[in-house]
Protein chains: 2
Amino acid sequence: MATIRDVARLAGVSVATVSRVINKTDSVNPETAGQVMKAIEQLQYEPNAVARGLAGKKMGIIALILPDILNPFFPALARGVEDVAHKKGLTVILGNSDDLGLKESSYIKVLKKKYVDGFIFASNTIHEEDVEALRKEQIPIVLLDRGLNTASCAVIRSNNREGSKLAVKHLIEQGCQKIAHIYGPQELITARERMLGYEEIAGRLREYSPSLMEQGDFDIESGRKAVEQLLVRHPDLDGIFAGNDLMAVGALKALHERGIRVPEQVKVCGFDGIGLTEITEPELTTIAQPVYEMGGLAAQILLDEIESGIRENKLIELDVTLIPRKSTHKEES
Amino acid sequence: MATIRDVARLAGVSVATVSRVINKTDSVNPETAGQVMKAIEQLQYEPNAVARGLAGKKMGIIALILPDILNPFFPALARGVEDVAHKKGLTVILGNSDDLGLKESSYIKVLKKKYVDGFIFASNTIHEEDVEALRKEQIPIVLLDRGLNTASCAVIRSNNREGSKLAVKHLIEQGCQKIAHIYGPQELITARERMLGYEEIAGRLREYSPSLMEQGDFDIESGRKAVEQLLVRHPDLDGIFAGNDLMAVGALKALHERGIRVPEQVKVCGFDGIGLTEITEPELTTIAQPVYEMGGLAAQILLDEIESGIRENKLIELDVTLIPRKSTHKEES
DNA sequence: CTGAAAGCGCTAACAG
DNA sequence: CTGTTAGCGCTTTCAG
C-alpha cells in the first residue's frame, strides 16, 4: 500500500502538497496538482483512514444505536441510515442497546475511543448526561423518537398523534362505535402520543370509556393478552386500535382464537407499517411511518452536521399515512 | 482525555512500560505494574483505539456484510454476531451488499483502509478474487452459506439437505402423497442443497414428477406465483415444500386466494424458521436454522482467528430442526 | 525488567 | 503557492 510519502516523492512535491490536493483544503498550482493526481493514479494511492482519523479525530464512521435489530421496526431504519451513509463513503457501526441505559453508555464509551464521527440513537433509554457529554465534546448526535426536553440536538420522529387520530377516524368511518386501544409503555413518548390521539377522537364517541384502554409492551404476546382483558370488560367492542403493529398482530391472534371474525365482527388497526402487516390473515390496516426515510433523514442530518460543524437542533416531525387493508374493511350491506 | 504519556509520567515510568502492563505483552515488575495500574485508575485512562489501530493495524472492528438487513433472515444473524462481538469489546460494522459483487468489493476497499480486524460475509456474491486478496493480506474471513470451492477460510452453514429431507418426510407422515417443491435461485448453494434433499425423498413417491418443482426467488411474491403455476399443472397436489419461509408465505397466500384450505387440502412447509412463520394463519411448519447461533459462531470463529492469527479453514455444518405447526397438521380421521 | 526512540500515515500550523 | 516539521497516541524493536 502506497503512502502519501510515496506519492509526494513520485510527484516531486512535499506531503503537505499532496494532502492539499487530496483534501482540497488549500489552493494548489493546477500543474502541480496534475502531477500529484498522476502520481496518485500510478500508485493507486488511497489515503489511510486510520492515520487520518488519528490526525483529525474522525474515522468516517457513524454509530447507530437501536434497541434491537430483531424488532421488525428497525431493519428498515438501519437500511435507511446505511444507504445514505454508504453513498457518502461513510460506514455504519450497529449497536443493540436492548433499551438498557448501561449498554448505551458502554457503546458510547467504546465508540468515542474509536473516533466515530457521530451517533444516531433510536434507543429509548439514553441517559440525559450521556447526550450532554457528547454535546460538550462536539460530537454530533441525532435522536429518534425522543421528547423535546433534550432540546440540544436534532430530533426526528413521525407525527404519532395525528396518526392515531387518522386510525380512529378510519375505524369510525368503517362503522366502529366501540373502539378499544392497546397502548404501549408510557415511558415512550411515541406510545403516549398515540394514546392521546386515540383519546382525542375516541373520547367523543357515545360508547367511549377509559376502560377501553389496556396496556401492552409493544410485542405480539402483550397484544394478545390485552385483547383478552378487553374482551372481558367489553365483549361488544367492535374496533381495536393497537399502539403498534406487533400488538395488532397479537390482537388478531387473540380474536382468531376466540372465533371472532376480523373484520366482520371486530376491525383492527395497527401502527408502524412494518412488513408483517402484509402477511397476516386478514392483512392488517396500519398507520405507516416512513421508517426507511426516517433513517435516511437521520443520517443526512448527522452527516450535514459532521461536515459543517454546525448543530441544527431542529425537531422534525414526519407525516404518517393510513394504509387501509382487509382488517378494517367495511362489509357492504 | 489522559494519554499513555500522562500515565507514564504520573507512575514515574516510561510509556513502554505502561504499554506493557496494558497489553500484558511482556513481563513487568509487579510493583511497577502496581504503580502503573494506580496511575491508570487515577487518570481514568483509556487507551485510544485509533492510535492503537494505526500502530497495530487493528481497530477492534469486524465487518458484517450481508445481502440486505431488510430480509427477515438477517436481523437474527446480525444480532448473533453483534452479541458476541460486543461481549469481547469489539464493534460491528454493517454493510448491505444487495448481492452485488461490486458493492461488496467497495465495502472491502473502504473497510481495509479502516483496518477492520476481519470480515464476515453472509452475502452470496463475493468475488473469489476478493476473498483471495484478503487472505493474502492475512485478514481473517468467515463465510456463511458458501460452497466448498472457497476452501481458504472458515465456512459456516446449516445442513440444508438433511433439513429438506426432514421436511419432505414430515409431509409424507402427515399424509401427503403429491408434494411439490418451490426451489430458490440455483446460484445459491443453499437452494440447490434443499432441492436435492427434496428430490431424494420425494423422488420415491409414486406420484412424483419433476414437474412438481417450480422456481422462485426466495421472496413472498415468487412463492405465490410458483404455486399458481404448480396448481395449473397439478391441481391435485396435497403438499408444498417451499425452499424458504418467505416463499412458503407466498404459497399460503396463493392457496388462500384460491380458497384452498391449509392444512386440510394442502399442507405447507417452509425453511429457515424466521419469526414470520408464527404469525401466518395457519402458523407455518418450518425447518428452523439456528440463525442467531450461526451469527454468534461466525463471530466466535472470526475472533479466535483474529486473536490467534491462525486460520482455521474448517467447514461447519449446523443441524436444523423441524418445527411442526398448524400448516401441516394432519386431520384426525 | 525497563527506557529511548523510531515509526504507523496523515493533517495542520508556520515559515518562506 | 509550497515545504518543513511537529504532532495525533500507541506499539515495538533495540539497548541496557
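Everything quoted here is computed from the prediction, not taken from an experiment. Residue numbers begin at 1 in each chain, while the letters A, B, ... track the order of the sequences.
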S.K.: Between S105(B) and D130(B), do the side chains contain a donor N or O and an acceptor N or O under 3.5 Å apart?
M.R.: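 S105(B) and D130(B) do have a side-chain donor-acceptor pair below 3.5 Å.
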S.K.: Pairs in or reaching into residues 95-121 of chain B: which pass ring pair (Phe, Tyr, Trp, His ring centres under 6.0 Å), with residues at least two apart or in two chains?
M.R.: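 For residues 95-121 of chain B: H86(A)-Y107(B), F119(B)-F121(B).
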S.K.: Rounded to the nearest angstrom, tell me the gap between atom CG in L43(A) and atom P in dG9(C).
M.R.: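 Interatomic distance, CG of L43(A) to P of dG9(C): 14 Å.
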S.K.: Quick check on the helix from dC1(C)-dG16(D) to dG16(C)-dC1(D): what's the angle between its two end axes, five base pairs per end, to the nearest 10°?
M.R.: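 Roughly 40° between the end axes, to the nearest 10°.
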S.K.: Mapping N29(B) and A49(A) onto DNA chain C by nearest heavy atom, which one lands closer to the 5' end?
M.R.: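 Its nearest nucleotide lies further toward 5', so the answer is N29(B).
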S.K.: Which of residues 30-41 of chain B sit near DNA chain C, with a heavy atom under 4.0 Å from it?
M.R.: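 The answer is T32(B).
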S.K.: Are S14(B) and dG3(C) close enough that a side-chain N or O sits under 4.0 Å from OP1 or OP2?
M.R.: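 For S14(B), the contact criterion (side-chain N or O under 4.0 Å from OP1 or OP2 of dG3(C)) is met.
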S.K.: Under a 4.0 Å heavy-atom cut-off, which of residues 110-119 of chain B touch DNA chain D?
M.R.: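 When residues 110-119 of chain B is checked for heavy atoms under 4.0 Å from DNA chain D, there are no hits whatsoever.
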S.K.: State which residues pass side chain to side chain contact (heavy atoms under 4.5 Å, CB included) with E317(A); sequence neighbours excluded, sorted by chain then number.
M.R.: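 Listed in chain order: R157(A), N159(A).
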S.K.: Identify the residue among V110(A), V116(A), L94(A) that makes a side chain to side chain contact (heavy atoms under 4.5 Å, CB included) with T91(B).
M.R.: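 Testing each of V110(A), V116(A), L94(A) against T91(B), the sole residue satisfying side chain to side chain contact (heavy atoms under 4.5 Å, CB included) is V110(A).
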S.K.: Only counting residues at least two apart or in another chain, list the ones meeting salt bridge (charged side-chain N to carboxylate O under 4.0 Å, His left out) with D117(B).
M.R.: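 For D117(B), no residue satisfies salt bridge (charged side-chain N to carboxylate O under 4.0 Å, His left out) once neighbours in sequence are set aside.
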S.K.: Please list every donor-acceptor pair under 3.5 Å in which a side-chain atom of residues 39-46 of chain A meets a protein atom from a residue at least two apart or in another chain.
M.R.:
residue, atom, partner, partner atom, Å
E46(A), OE1, K113(B), NZ, 2.9

S.K.: Which nucleotide in the set dG9(C), dC1(D), dC8(D) lies at the smallest distance from any side-chain heavy atom of S27(A)?
M.R.: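 Looking only at side-chain atoms, S27(A) lies closest to dC1(D).
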S.K.: With a 4.5 Å cut-off on side-chain heavy atoms, are V13(A) and V18(A) touching?
M.R.: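 In contact.
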S.K.: Excluding sequence neighbours, so at least two apart, what forms salt bridge (charged side-chain N to carboxylate O under 4.0 Å, His left out) with E137(B)?
M.R.: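 Result, salt bridge (charged side-chain N to carboxylate O under 4.0 Å, His left out) vs E137(B): K112(B).
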S.K.: Using a 4.0 Å heavy-atom cut-off, does V50(A) contact any base of the nucleic acid, only the sugar-phosphate backbone, or nothing at all?
M.R.: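 No contact.
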S.K.: Whole angstroms only, please: what is the NZ-C1' distance between K58(A) and dG9(C)?
M.R.: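 After rounding, the reported distance stands at 19 Å.
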S.K.: Going 5' to 3' along nucleotides 11-16 of chain D, which nucleotides have protein heavy atoms under 4.0 Å from the base (write B), which only from the sugar-phosphate (write S), and which from neither (write -)?
M.R.: SBB---
S.K.: Could you tell me how far apart M59(A) (CE) and dC8(C) (C1') are, to the nearest whole angstrom?
M.R.: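 Value for this atom pair: 13 Å.
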S.K.: Using a 6.0 Å cut-off, check whether atom CZ of R5(A) has over 12 heavy atoms from anything other than its own residue.
M.R.: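 No - once you tally the heavy atoms of other residues, nucleotides and ligands closer than 6.0 Å, there are 12 at most.
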S.K.: Apply side chain to side chain contact (heavy atoms under 4.5 Å, CB included) to A298(B) and list each qualifying residue two or more places apart in sequence or on a separate chain.
M.R.: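 Side chain to side chain contact (heavy atoms under 4.5 Å, CB included) check on A298(B) returns I120(B), V142(B), L144(B), I156(B).
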S.K.: Taking side chain to side chain contact (heavy atoms under 4.5 Å, CB included) as the test, write out the residues that go with V28(A), two or more places apart.
M.R.: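 Result, side chain to side chain contact (heavy atoms under 4.5 Å, CB included) vs V28(A): T17(A), R20(A), V21(A), T32(A), A33(A).
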S.K.: Please list all pairs passing the salt bridge (charged side-chain N to carboxylate O under 4.0 Å, His left out) test where one or both residues lie in residues 74-84 of chain B, with sequence neighbours left out.
M.R.: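 Only D68(A)-R79(B), D98(A)-R79(B), R79(B)-D83(B) qualify under salt bridge (charged side-chain N to carboxylate O under 4.0 Å, His left out).
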S.K.: Round to the nearest Å and state the distance from L54(A) atom CG to dC8(D) atom C1'.
M.R.: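 The distance from CG of L54(A) to C1' of dC8(D) comes to 4 Å, rounded to the nearest Å.
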S.K.: Has the side chain of D99(B) got a donor or acceptor atom that lies under 3.5 Å from a matching backbone atom of S97(B)?
M.R.: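 Here the side-chain-to-backbone pair does not exist.
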